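For clarity, every value in this text was computed on a predicted model and none was experimentally measured. Chain letters run A, B, ... following the sequence lines, proteins first and then strands; every chain starts at 1.
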2 protein chains.
Amino acid sequence: MAVTIKDVAKRANVAPSTVSRVIANSSRISEKTKERVREAMKELGYHPNFNARSLANKSTSTLGIVMPNSAKIAFQNPFFPEVIRGISTKAYQEGYGLYLTTGQTEEEILEEVKQMVYGGRVDGIVLLYSRVNDKVMPFLIEQEFPFVLIGRPYNIDEDQVTFVNNDNYKAAKTVTEYLMLLGHERIGFIGGNLDYVVTVDHMRGYEQALNNAHIPIRQEYVVHHEEVKEGGQDAVIELMSIEDRPTALIVADDIMTFGVLRMLADMNVKVPQDISIVSFNNVMISELSSPTMTTVDIHIYELGFEATRCLISKIIEPDFGERKVIVPHRLIKRESCK
Amino acid sequence: MAVTIKDVAKRANVAPSTVSRVIANSSRISEKTKERVREAMKELGYHPNFNARSLANKSTSTLGIVMPNSAKIAFQNPFFPEVIRGISTKAYQEGYGLYLTTGQTEEEILEEVKQMVYGGRVDGIVLLYSRVNDKVMPFLIEQEFPFVLIGRPYNIDEDQVTFVNNDNYKAAKTVTEYLMLLGHERIGFIGGNLDYVVTVDHMRGYEQALNNAHIPIRQEYVVHHEEVKEGGQDAVIELMSIEDRPTALIVADDIMTFGVLRMLADMNVKVPQDISIVSFNNVMISELSSPTMTTVDIHIYELGFEATRCLISKIIEPDFGERKVIVPHRLIKRESCK
DNA sequence: CTGAAAGCGCTTACAG
DNA sequence: CTGAAAGCGCTTACAG
């Protein structure tokens, strides 16, 4: 059997409550006693039982991470490992552990979130996506459970949720303007799943920039795909089949851009000579493509880090802390635009 | 306050113990009572408290995932998301949750593992790496705590640990032989960190194949790097500076190969015309390089899935179950060899 | 088939 | 500064 607080108490000749206070490093215990108790803990190899603690405390020092449905698709994309790295770093610093959802469908995930919340399995949750018509967020709001969203709430009053996001609208607008500045007028747009808010924002930015320049928006220049691998490739086929081919492409995400580049190479279309490409994320590997890609660095790590910072402060003092953090983005110019 | 077993008991006019038995679906409770209790649970919106359960049960239905130190480096590589996906799938199927280490250094991680084990935070652990002189594994063995290793134990009796691995030795040997069959004799080897057992195994396979063919091993043809991005690029510089340049390269991992291809392109060395390349892993994105890469598919997802299967069976019945699973590998021929 | 009671290993008012 | 006791929300022998 594991050694408990009682064993330590006996050994140190004090009451269990005293041992508990020593663990919490209460100022009401004399240094002398503390020493003695700590000695006993060492000798016996005492380690606190986490579940007992959580039960008595009603707090777990654990944060839940909720991934979008279908980790299959999600994990294809280095975005997630990188946010998690940011989350992980801050969580470690503050003494929190990490608990991961494993469900694949939306219903499974909602069920898991309910378990986390009702079961007292975590103290707070970071939501790694914002999806149109998502059910997880309304649930969390209704329960008044501490959570932070990476992304932007959609169809929900912004004041009700703490979130960390990029200005994706502006990023897409800037990128479109950048391409126009380079002389492009026929600009294609390869977006992600339209259920995700980020996709919606990208679209709006793209359209706004075009509008401002009085360039008509052509529906055939806009395609959406979820799968990053096949998605990029399929999109290229669609767009390159148009008579009036675009001379520039905005791609939702770097990994998709790999697919785009691959397919373009197969078609013997040269980048950037024949077509320019800008994408989003600046994932580590994006500087290893041929040609290297021009992309918007959205500071993924920071998104995770900041989200965790906000979440923890919300757990500790629910009524203070920022409710909204916008992480700046930056256009990284490399070889794929002309 | 959350609704507890007591509230349900009152509502259903039974004792708390009966409610508990209904939750566990004990066969000793009549269907009629079960119905009544379930009704009450629904009406009150009862959800079991996870920590209380774990405490009474001494089991958590949670699996710990231990990542190699420095998630920074680890998470650059799609290997990890993909194993985790495999783990996640099986864990979900069996009703287990996932808990992640967050530490960066070896000491931090060991400390976290101790907390997991002593604190009763998880029922078992899957170790995502096997490292020479690792301290985590000896600790787990000493504690007789259920764990499974993805990789191969090193300097530890194989009978003492359950592990899931590829035959990395054979894979490297085959790959080397494949290149020799294509006519190559000057074959370079770009390996990962020599602290990892997989690297050691790759090396042995490479050397063995060369030996069998009576081709002398040249130390200058062998380089090691940990960072996948810079690593690949640095390695190329080293190898291409040799007077007697290799005509083929074996690269530890696909992402590294992206760096290698990038650098080779910068140097105007054509793949596969001037130099052939084989690598390992067959990560999703590896079919998107230019040229697409020939690589060994090690079935990463399956490694995670199998490991979790073994772990759970070990938790449930410690004395049965396989102790060793070798996941087959397969050479995927694409465009990078000639 | 069901209940009363003890116990899992902590924490925390309350008392002194 | 320290202790005795109650409580966190479950489970599980034991008894009937």
- Item | Pairing annotation in dot-bracket form, given for DNA chain C with Watson-Crick or G-U pairs under 3.5 Å and | for cross-strand partners | |||.||||||||.|||
- Query: What's the spacing between B:Ile150 CD1 and B:Leu303 CG if we round to 0.5 Å?
  - Reply: 6.0 Å
Starting from [atom2] on [N], measure out to [atom1] on [X] and report it in whole angstrom.
X       : N      : atom1 : atom2 : answer
B:Asn51 : C:dT11 : CG    : P     : 13 Å
B:Lys10 : C:dG3  : NZ    : P     : 14 Å
A:Lys58 : C:dG9  : NZ    : P     : 19 Å
B:Asn57 : C:dC10 : CG    : P     : 17 Å
A:His47 : C:dC10 : NE2   : P     : 12 Å
B:Glu35 : C:dC1  : CD    : P     : 15 Å
A:Phe50 : C:dC8  : CZ    : C1'   : 15 Å
B:Arg53 : C:dG9  : CZ    : P     : 18 Å

Any ion pair linking [Y] and [X] (charged N to carboxylate O, less than 4.0 Å)?
X        : Y        : result
B:Glu158 : B:Lys324 : yes
A:Arg309 : A:Glu322 : yes
A:Arg11  : A:Glu43  : yes

Which part of the nucleic acid does [X] contact within heavy-atom distance under 4.0 Å: base, sugar-phosphate only, or nothing?
X       : value
A:Thr4  : sugar-phosphate
B:Tyr46 : sugar-phosphate
A:Val14 : sugar-phosphate
B:Thr33 : sugar-phosphate

- Can you check whether B:Phe305 reaches B:Thr89 side chain to side chain, under 4.5 Å on heavy atoms?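 Yes; the side chains approach each other to less than 4.5 Å.
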- So, B:Arg85 and B:Tyr301: side-chain donor and acceptor under 3.5 Å apart, yes or no?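 Side chains of B:Arg85 and B:Tyr301: no pair found under 3.5 Å.
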- Cation-aromatic face contact B:Arg152/B:Phe163, 6.0 Å, 45 degrees: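 No, B:Arg152 and B:Phe163 do not form such a contact.
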- Between A:Lys90 and A:Tyr96, is NZ or CZ placed under 6.0 angstrom from the six-membered ring centre and within 45° of the ring axis?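 No, A:Lys90 does not lie over the aromatic ring of A:Tyr96.
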- Task: Output the single nucleotide from C:dG3, C:dT11, D:dG9 whose closest atom is nearest the side chain of B:Ala15.
- Result: C:dG3
- For B:Gln160, all residues meeting side chain to side chain donor-acceptor pair (under 3.5 Å), sequence neighbours excluded: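 Not a single residue meets the side chain to side chain donor-acceptor pair (under 3.5 Å) criterion with B:Gln160.
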- Query: For B:Lys34 and A:Asn49, take the nucleotide of DNA chain C holding the closest heavy atom to each; which residue's nucleotide lies nearer the 5' end?
  - Reply: B:Lys34
- Side-chain donor or acceptor of A:Ser17 under 3.5 Å from a matching atom on the base of D:dA4? yes
- Item | Contact list for DNA chain C against residues 21-31 of chain A - heavy-atom distance below 4.0 Å | A:Arg21, A:Arg28
- Query: Is the phosphate of D:dG3, meaning OP1 or OP2, less than 4.0 Å from a side-chain N or O of A:Thr18?
  - Reply: yes
- Query: Any chance the rings of A:Tyr118 and A:Phe139 have centres within less than 6.0 Å?
  - Reply: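 Between A:Tyr118 and A:Phe139, the centre distance is under 6.0 Å.
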